[in-house]
Amino acid sequence: REIILENIKNSTSDKIIIIHGTDTVDLTAQFIDGKIEDKKVVFTGAMIPMSIDEVEATMNFSQAIGFLNAPIQNGIYLSMHGSVIEHSKLKKDISVGQFLVKN
């Protein structure tokens with residue numbers, strides 16, 4: 001996580017996509033939150049490995065690209081399941097294999 005954080009800080013781009021495993025992506029996003037203020041960072045991945053089904057991973061990545069090209073605020077986001085949402089508003093529900101909006 002420290003390496004990811006340092007790479008984000010050292011990047012000359014203010015728009016960054018990070019492909020990350022879904023088992024711990026929420027923890028990494030939480031670790032980075034508050035340490036980056038001048039960039040838009042979108043984490044993405046797939047609940048179903050790309051080697052099994054390319055559709056979800058490709059959709060999530062494409063969605064992240066489109067999101068970063070919109071006029072959005074700096075922050076840490078997660079691109080999954082057809083939407084891009086600020087990471088702290090999501091929780092991982094392993095029982096259904098999805099990230100859901102917190103109530």
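Fair warning: this is a prediction, and the values are worked out from it, not measured in the lab.
- Annotation: side chain of Leu78 is not in contact with side chain of Val84 (no heavy-atom distance under 4.5 Å).
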Go through the steps to decide whether Ile18 and Val41 satisfy the test side chain to side chain contact (heavy atoms under 4.5 Å, CB included), and finish with yes or no.
CA-CA 7 Å; Ile18 298 173; Val41 179; 3.9 Å; yes
Could you go through the side chain to side chain contact (heavy atoms under 4.5 Å, CB included) check for Phe99 and Thr22 one step at a time?
CA-CA 9 Å; Phe99 287 85; Thr22 55; 4.2 Å; yes
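- When only modelled atom types and interatomic distance are considered, Thr44 and His20 share no side-chain donor-acceptor pair under 3.5 Å.
- Closest heavy-atom contact between Ala46 and Asn60: CA-ND2, 4.1 Å.
- Under a 3.5 Å cut-off, the side chain of Lys35 and the backbone N or O of Phe31 do form a donor-acceptor pair.
- Other residues, nucleotides and ligands contribute over 12 non-hydrogen atoms within 6.0 Å of the CD atom of Glu86.
- For the residue pair Met47 and His81, the shortest heavy atom distance occurs at CG-CE1, 3.5 Å.
- A single hydrophobic cluster is not seen to contain both Ile17 and Ile36; linkage of ILVMFWY side chains at heavy-atom distances under 4.5 Å, directly or through other members, places them apart.
- Interatomic distance, Ile48 CD1 to Ser51 OG, rounded to the nearest 0.5 Å: 10.5 Å.
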Assess the residue pair Leu90 and Val101 against the criterion (side chain to side chain contact (heavy atoms under 4.5 Å, CB included)); give the C-alpha distance rounded to whole Å, side-chain angles, the decisive distance to 0.1 Å, and a yes or no.
CA-CA 5 Å; Leu90 295 172; Val101 176; 4.1 Å; yes
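- Cluster membership check: Ile19 does not share its hydrophobic cluster with Ile16, using side-chain heavy-atom separations under 4.5 Å among Ile, Leu, Val, Met, Phe, Trp and Tyr.
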Tell me, with the steps shown, if Ile32 and Ile4 meet side chain to side chain contact (heavy atoms under 4.5 Å, CB included).
CA-CA 9 Å; Ile32 289 170; Ile4 292 171; 3.6 Å; yes
Could you give the side-chain donor-acceptor pairs of residues 61-76 under 3.5 Å, partners two or more places apart or in another chain?
unit_1	atom_1	unit_2	atom_2	d
Ser62	OG	Thr58	O	2.9
Gln63	OE1	Ser83	N	3.2
Gln63	NE2	Ser79	OG	2.9
Gln63	NE2	Ser83	O	3.0
Asn69	ND2	Ile65	O	2.9
Asn74	OD1	Lys40	NZ	3.0
Asn74	ND2	Glu37	O	3.2

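- In this structure a side-chain-to-backbone donor-acceptor pair under 3.5 Å is missing from Asp33 to Ala29.
- Minimum interatomic distance between Arg1 and Leu27 (heavy atoms only, all atoms of both residues): NH2-CB, 3.3 Å.
- Considering only residues two or more places apart in sequence or on other chains, His87 meets the ring-ring contact (aromatic ring centres under 6.0 Å, His included) condition with none of them.
- Taking both residues in full, the closest heavy atoms of Lys39 and Ile8 are given as CE-O, 2.9 Å, listed atom of the first, atom of the second, then distance.
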